[in-house]
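Letters go in sequence order (proteins before strands), and every chain restarts at 1.
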Amino acid sequence: MRIERARGTRDFLPEEMWKRRTMEARMRDIAEKWGYGEIQTPSFERSELFTVKSGEGILKEMYEFRDKGGRHLALRPELTAPVIRMYVNELKMAPKPTKVYYFGNCFRYEEPQKSRYREFWQFGAEIIGSDRPEAQAEIIALAYHILESLGIHIKAELYVGHVGLIREVLRAANVEADKINGVMRLVDKGEREEVIELLRETGAKEDLIDDLISLVDLKVKVKGKDALKEAREREIIVSDSDAAKELEMLLQILDYYGVVYTLNPGIARGLDYYTGMVFEIYETGGRLGAQNQICGGGSYRLATLFGGDDTPSTGFAFGFDRLAELFPQETSDLKRGGVVAVAVVVVPIREKNADSADVVEEAIKIASRLREHIPTYIDVMSRNLSAQLSYANALNASFAVLVGKTEIKEGKVTVRNLETGEQEKIGVEECVKKITKIINHKIIL
RNA sequence: GCCGGGGUGUGGUAGCGGCAUCCCUUGGGACUGUGGAUCCCAAGACCUGGGUUCAAUUCCCAGCUCCGGCCCCA
């Protein structure tokens with residue numbers, strides 16, 4: 001019977017992998033240049049790691065199971081918790097700040113839809129040990145530059161907020177501490193009416209409610225340098241507030257980095273380990289359907305939850321698959337139709353009723369020489385000359401190198417240019433040199 | 001968990017209560033030392049299960065799955 005792929009998973013063919021590896025390489029390169037070191041954590045963890053962070057509710061959205069020893073395990077649904085767990089377990093002694101990045105697959109048991117799969121990849125970075133404005137700005141700038149290197153920043157909108165702004169208003173309104181998270185969650189979801197209702201129930205004064213709503217609604221296009229000025233004028237940033245001062249400094253540094261952003265205090269988080277800046281990046285062209293967030297990040301304190309010392313951290317994570325959908329497919333000469341297009345095919349010519357061991361031997365030697373420089377195919381189907389050339393044509397190969405009795409006798413090979421049809425008999429070394437030169441020229445083009 | 005629309009060779013399609021069409025893909029041959037064209041041969045599919053029926057790929061139901069949306073989004 002035919003075995004189907006598991007729901008919500010995908011197969012990646014060579015062409016797609018080429019694209020994904022290209023993206024990955026660029027992202028890694030930037031992270032490395034910014035001084036981040038790559039780490040990797042296990043694909044599954046003890047379930048508590050995630051329930052401690054996000055609550056029991058996430059159990060139904062995880063691939064959660066018991067192993068043969070009865071341990072509760074879960075395929076990781078995200079990478080921040082594993083990274084901080086790793087820090088607590090084995091990186092505590094590293095100099096602060098500890099800067100790490102990661103790229104890995106994650107799993108969530110959710111209904112698949114456009115840009116949402118049950119196995120997906122995240123690329124992220126964390127500064128462990130700092131949540132100062134400098135760290136916050138660096139994290140945002142790093143995310144922004146990665147996006148830029150992929151050519152996707154022009155299709156995206158970056159929103160920056162600060163959970164402290166809203167929390168301060170709520171505290172001023174004497175909202176009970178245990179209700180603040182509920183309000184934050186509603187703010188994050190954009191449920192204005194429910195926010196107002198909830199605040200009225202707690203007996204908050206109308207003018208404080210108005211303050212909060214106007215703060216949340218500041219989703220106006222106040223970008224970059226102007227954001228700071230505007231925010232001051234509108235008294236969104238009030239000088240005597242800690243959160244405001246921190247945000248002010250953050251925005252200042254973001255301008256130094258040349259990041260284009262929109263100030264949006266309505267970005268919130270309903271969990272209390274978020275301590276300061278929060279940011280999100282959305283795709284704006286509607287190409288991702290309902291799932292258009294491509295990046296999220298912020299400052300948080302998770303280490304104590306996992307048994308470590310209280311450690312401020314700042315980080316972000318990209319939804320790699322969503323970036324891949326936005327990344328322009330390069331019409332590179334290197335790949336076409338999923339196979340290597342710039343390539344050479346070595347063709348051993350077997351005579352019927354004759355021992356062709358010497359031909360095969362010579363062909364393999366030549367292929368080995370060529371493989372030091374360029375992708376090279378050699379027959380593995382005992383095909384005749386005609387069929388081998390037909391295959392070379394189907395591959396879109398550039399050259400065929402023919403080796404038969406005649407060539408061996410003359411100490412040469414026949415090099416056929418498959419695009420022009422021209423061919424000539426030359427020595428092996430000359431052939432390697434010639435093909436390498438032409439193909440390298442092609443790759444540069 | 002909910003709502004809507006789909007599942008015919010690798011892919012794209014036509015069709016219909018009885019014979020599944022074309023493009024296509026793959027292998028081989030015509031062509032025992034030269035690819036793309038042409039011709040020939042071969043192989044390749046009705047998502048799964050149940051029901052109705054003399055007969056189901058077709059109609060009905062359920063499931064699976066894909067696509068889109070809701071919820072959720074750590």
Item to check | Phosphate OP1/OP2 of G28(B): any Asn384(A) side-chain N/O under 4.0 Å | outcome: no
Item to check | Value in whole Å for how far the P atom of G33(B) lies from CG of Leu385(A) | outcome: 8 Å
Item to check | Any N/O donor-acceptor pair, Arg269(A) side-chain to C73(B) base, under 3.5 Å | outcome: no
Next on the checklist: If I pick the C1' atom on C46(B) and the same atom on G15(B), what distance separates them, to the nearest angstrom?
Outcome noted: 11 Å
Checklist entry - Quick one: the side chain of Gln423(A) and the base of U34(B), do they pair up donor-acceptor inside 3.5 Å? => result yes
Checklist entry - Does Arg76(A) have a side-chain nitrogen or oxygen under 4.0 Å from the phosphate oxygens OP1 or OP2 of A74(B)? => result no
Item to check | Rounded distance in Å - CG (Leu49(A)) to P (A74(B)) | outcome: 16 Å
Next on the checklist: If the cut-off is 4.0 Å, is Lys114(A) near the phosphate of G68(B), judged by side-chain N/O to OP1 or OP2?
Outcome noted: yes
Checklist entry - Can you tell me how far P of C73(B) sits from CD of Glu78(A), to the nearest Å? => result 13 Å
Next on the checklist: Can you tell me whether the side chain of Gln291(A) and the base of G69(B) have a donor-acceptor pair closer than 3.5 Å?
Outcome noted: no
Next on the checklist: Under 6.0 Å between ring centres: does that hold for Phe316(A) and Phe318(A)?
Outcome noted: yes
Checklist entry - Going by an N to O cut-off under 4.0 Å, is there a salt bridge joining Glu138(A) and Lys99(A)? => result yes
